[in-house]
Amino acid sequence: MPRLGLGVWRVEDSEAEKAVGWALEAGYRMIDTAMVYKNEKGVGEGIRHSSVPREDIFVTTKLWNDDQGYESALKAFDASLERLGLDYVDLYLIHWPVAGKYKDSWRALEEIYASGRAKAIGVSNFHQHHLEDLMTSATIKPMVDQIEIHPTLTQEPLRAYLASESIAVEAWSPLGQGKILETPTLIEIGKKYGKSAAQVIIRWHLQNDIIVIPKSSHEGRIKENFDVTDFELTPEEIQQINALNIDERLGSNPDSFDF
């Protein structure tokens with residue numbers, strides 16, 4: 001699984017094809033979508049119209065809350081594959097831990113994984129207690145947990161637990177939805193390297209062993225977000241960024257979401 005990919009949350013279906021095309025041209029090899037984003041079709045078109053072979057592209061999509069449950073999850077996965085126009089995805093995730101349903105959904109994901117139509121399976125927005133509960137009945141441990149992480153929500157206790165269970169950590173809203181890009185600490189560190197605050201944040205994720213999927217539909221920013229391999233933050237700079245944490249969620253809490 002690549003460490004850096006393109007997220008397409010809030011990217012219109014009509015724009016997704018172009019965004020995916022620009023990303024693949026820039027060197028990205030991972031695209032993250034979801035049924036609820038309503039752009040799986042555009043993502044699939046961007047992949048098909050690219051010169052990059054399908055087997056070189058890591059594609060993630062997700063099971064939405066309304067479709068959770070064993071039979072409904074199987075049907076939802078088939079529908080996602082059809083919209084994407086693909087024979088398989090590289091990663092399929094349960095999008096949120098819907099109480100009373102995520103265990104049945106996971107049974108379906110295990111079956112999908114066994115069929116080879118998803119090369120890996122995992123979850124999104126699961127706290128430690130959700131994972132512990134899931135694993136009381138699971139026969140396959142989730143391979144990824146995609147959670148909200150950015151410098152003002154570092155989630156260090158959950159990340160430590162995931163590392164102890166060998167579950168990969170992936171960040172959504174890794175740039176704090178753009179709300180932290182004017183933070184003086186990030187700007188000053190960026191000046192040292194000739195980089196933007198966004199590039200500094202992406203580098204922080206990568207050096208913390210976090211898979212990161214910054215979202216953009218703008219060609220210039222897509223390229224900029226990928227241009228982060230020619231510098232390295234010092235341990236002191238990592239600590240400066242860690243210190244920005246205030247446990248501030250920009251999205252819903254997995255213990256209290258209502259959708």
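Keep in mind that what you see is a predicted model, and the values were worked out from it rather than measured.
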How many angstroms lie between CH2 in W106 and CG in D133, if you round to the nearest 0.5 Å? 13.5 Å

Would you sort out whether E25 and K223 count as a salt bridge (Lys or Arg N to Asp or Glu O under 4.0 Å), showing the intermediate values? CA-CA 9 Å; E25 186 178 333; K223 290 179 178 178; 5.5 Å; no

Looking only at heavy atoms, what is the nearest atom pair of L250 and Q177, with distance? CB-NE2, 3.7 Å

Mind listing the side-chain donor-acceptor pairs of residues 82-98 below 3.5 Å, one per line with the distance, residues two or more places apart or on another chain?
from: R83; atom 1: NE; to: E40; atom 2: OE1; distance (Å): 2.6
from: R83; atom 1: NH2; to: E40; atom 2: OE1; distance (Å): 3.0
from: R83; atom 1: NH2; to: S80; atom 2: OG; distance (Å): 3.4
from: D90; atom 1: OD2; to: R54; atom 2: NH1; distance (Å): 3.1
from: D90; atom 1: OD2; to: R54; atom 2: NH2; distance (Å): 3.0
from: D90; atom 1: OD2; to: V59; atom 2: N; distance (Å): 2.8

Evaluate whether atom NZ of K38 has more than 12 neighbouring non-hydrogen atoms of other residues, nucleotides or ligands under 6.0 angstrom away. no

Indicate, with yes or no, if L175 and Y193 share a hydrophobic cluster defined by side-chain heavy-atom contacts under 4.5 Å among Ile, Leu, Val, Met, Phe, Trp and Tyr. yes

All heavy atoms of P2 vs all of I211, minimum pair found to be O-CG2, 3.6 Å

Charged N to carboxylate O below 4.0 Å: is that the case for K101 and D104? no

Does atom CD of E156 have more than 12 heavy-atom neighbours, drawn from other residues, nucleotides or ligands, at distances under 6.0 Å? yes

Can you confirm whether K141 is buried at NZ, in the sense that more than 12 heavy atoms of other residues, nucleotides or ligands lie under 6.0 Å from that atom? yes

Rounded to the nearest 0.5 Å, how far does OG of S173 lie from CD of E148? 5.5 Å

For the pair E110 and R107, find out whether any cationic side-chain nitrogen is under 4.0 Å from an anionic carboxylate oxygen. no

Salt bridge or not for E45 and R48, using N-O below 4.0 Å? yes

Please say whether more than 12 non-hydrogen atoms of neighbouring residues, nucleotides or ligands are located less than 6.0 Å from CD in E55. yes

Value rounded to 0.5 Å, distance of CD in E165 from CE in M143: 14.0 Å

Where do V169 and D145 land on the side chain to side chain contact (heavy atoms under 4.5 Å, CB included) test, with the steps shown first? CA-CA 5 Å; V169 181; D145 191 3; over 6 Å; no

Is the ring pair F257/F259 parallel, tilted or perpendicular, if the boundaries are 30 and 60 degrees? tilted

How long is the gap from NE2 on H150 to CD on Q155, to the nearest 0.5 Å? 8.5 Å

Is any NZ, NE, NH1 or NH2 atom of the basic residue among D209 and R159 found under 4.0 Å from an Asp or Glu carboxylate oxygen of the other? no

Is there a side chain to side chain contact (heavy atoms under 4.5 Å, CB included) between L63 and M35 once you walk through the steps? CA-CA 7 Å; L63 173 70; M35 175 273 173; over 6 Å; no

